[in-house]
Amino acid sequence: MFTKSALAAALALSCALAAPYEPYDHDAMIKTAPGGSRALDIGGVYRSVDNLCAHACEYPLNFDSEKDAEAAYQDARALEEIFKFLSQELSKKDIDAKDRYEFEHKFARIYVIEHNFDIKGAAEKADALYDKLVQEAPEDGEIRTEYGEFLLNSSRDQKAQQMLLGALELGSMRAHHALALFSLMHDDKEGAIKHLQAYLSAYPKNSSAAQLLEGLKSGNIKIEKKQQ
């Protein structure tokens, strides 16, 4: 098994630098209609979750400063409370299955983020939502890929591999990237190269993945196993 820092090194090499973090602004999410009624901008909240995810859904976290990381931590906790409230409201309504699926997907991402901030119990909550999403959309290879990436980031290698291989069968080329990291974690350099080549055939503009592939081929990048 590799250390968390070894996996973090591989992820750091393979992930592009995110844009500066833009903190969540709850006041901006409250919209006032011409008649004076006020409502939450759900689309804006979803975009805020995605923005936070771009910085904190993978390990290591990707922030320019400790100040940004602290703001993101507080935003994750605030968004969790908002989603808990919305979940209670949605339970009282008969909403479209597609809309509910999108809501649960964003909620799962919040718990992934909280797990990466070392919040106790977040991983189990993310698992419950992702398992539900996989059952609800068994042909969605991208949700399997995202769940597989989370499983890999949270050191559950075998379940991650199963989820990612299932995603490949459903046509998710993005799964090759996480499977390359899985291969590195298990001292399979050739497997990592194979998966990175497949990934780059679909995403040729990903310079960080190309850099990782070149480093592996040249021997300039090495991931060492933890001493038992």
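Just so it is clear, the structure is predicted and the values come from calculations on it, not from any experiment.
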Given 3.5 Å as the limit, does a donor-acceptor pair link the side chain of [X] with the main chain of [Y], or not?
X: N51; Y: R47; result: no
X: N116; Y: A56; result: yes
X: K189; Y: L216; result: yes
X: D75; Y: Y24; result: yes
X: S87; Y: K84; result: no
X: S48; Y: G44; result: yes
X: K67; Y: D64; result: no
X: S183; Y: L179; result: yes
X: H55; Y: N62; result: yes
X: T145; Y: G141; result: yes

Hey, could you give me the [atom1]/[atom2] distance between [X] and [Y], rounded to the nearest 0.5 Å?
X: K205; Y: L200; atom1: NZ; atom2: CG; answer: 13.5 Å
X: Y21; Y: D68; atom1: OH; atom2: CG; answer: 8.5 Å
X: H26; Y: E81; atom1: NE2; atom2: CD; answer: 11.5 Å

*Steps toward side chain to side chain contact (heavy atoms under 4.5 Å, CB included) verdict (C53, K106)*: CA-CA 9 Å; C53 189; K106 303 303 183 186; over 6 Å; no
*When the ring planes of F103 and F83 are compared, do they come out parallel, tilted or perpendicular, using 30° and 60° as the limits?*
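Taking F83 first and then F103, their aromatic rings lie parallel (interplane angle under 30°).
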Assess, by modelled atom type and distance only, whether the side chains of [X] and [Y] contain a donor and an acceptor separated by less than 3.5 Å.
X: K159; Y: Y147; result: yes
X: R156; Y: S154; result: yes
X: Y130; Y: E146; result: yes
X: S208; Y: N206; result: yes
X: Q162; Y: Q158; result: no

Closest approach of [X] and [Y], non-hydrogen atoms and distance?
X: A178; Y: L164; result: CB-CD1, 3.6 Å
X: A76; Y: E114; result: O-OE2, 3.5 Å
X: R100; Y: L90; result: NH2-O, 3.3 Å
X: F150; Y: D127; result: CE2-OD1, 3.5 Å
X: L196; Y: A180; result: CG-CB, 3.7 Å
X: S172; Y: L168; result: O-CD2, 3.3 Å

Under 4.5 Å between side-chain heavy atoms, hopping through other hydrophobics if needed: is there a path connecting [X] to [Y]?
X: Y111; Y: V134; answer: no
X: L129; Y: V112; answer: no
X: M163; Y: L184; answer: no
X: I82; Y: I119; answer: yes
X: L79; Y: I42; answer: yes

Side-chain heavy-atom pair [X], [Y] within 4.5 angstrom cut-off:
X: E149; Y: R174; result: yes
X: E214; Y: S218; result: yes
X: D140; Y: L170; result: no
X: R109; Y: D50; result: yes
X: K217; Y: Q197; result: yes
X: L213; Y: Y199; result: no

*asked:* Just checking K125: does its NZ atom have more than 12 heavy atoms from other residues, nucleotides or ligands closer to it than 6.0 angstrom?
replied: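 Enclosed: over 12 neighbouring heavy atoms sit under 6.0 Å from NZ of K125.
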*Assess whether atom CD of E66 is packed by more than 12 heavy atoms of other residues, nucleotides or ligands within 6.0 Å.*
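No - once you tally the heavy atoms of other residues, nucleotides and ligands closer than 6.0 Å, there are 12 at most.
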*Criterion side chain to side chain contact (heavy atoms under 4.5 Å, CB included) on D41 and I30, from CA distance to verdict*: CA-CA 6 Å; D41 178 6; I30 307 299; over 6 Å; no
*Lys/Arg N to Asp/Glu carboxylate O, K132 vs E136, below 4.0 Å*: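 Salt bridge present between K132 and E136.
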*SB check E80 R77 (cutoff 4.0 Å)*: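 Counted as a salt bridge, because a side-chain N and a carboxylate O are separated by less than 4.0 Å.
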*Give a yes or no on whether the ring-centroid distance for H177 and Y203 is below 6.0 angstrom.*
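Not under 6.0 Å, so no.
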*Given F107 and L86, is the side chain to side chain contact (heavy atoms under 4.5 Å, CB included) satisfied, shown in steps?*
CA-CA 10 Å; F107 205 171; L86 291 174; over 6 Å; no
*side chain to side chain contact (heavy atoms under 4.5 Å, CB included) evaluation trace for K98 with E102*: CA-CA 6 Å; K98 183 178 179 182; E102 184 178 13; 6.0 Å; no
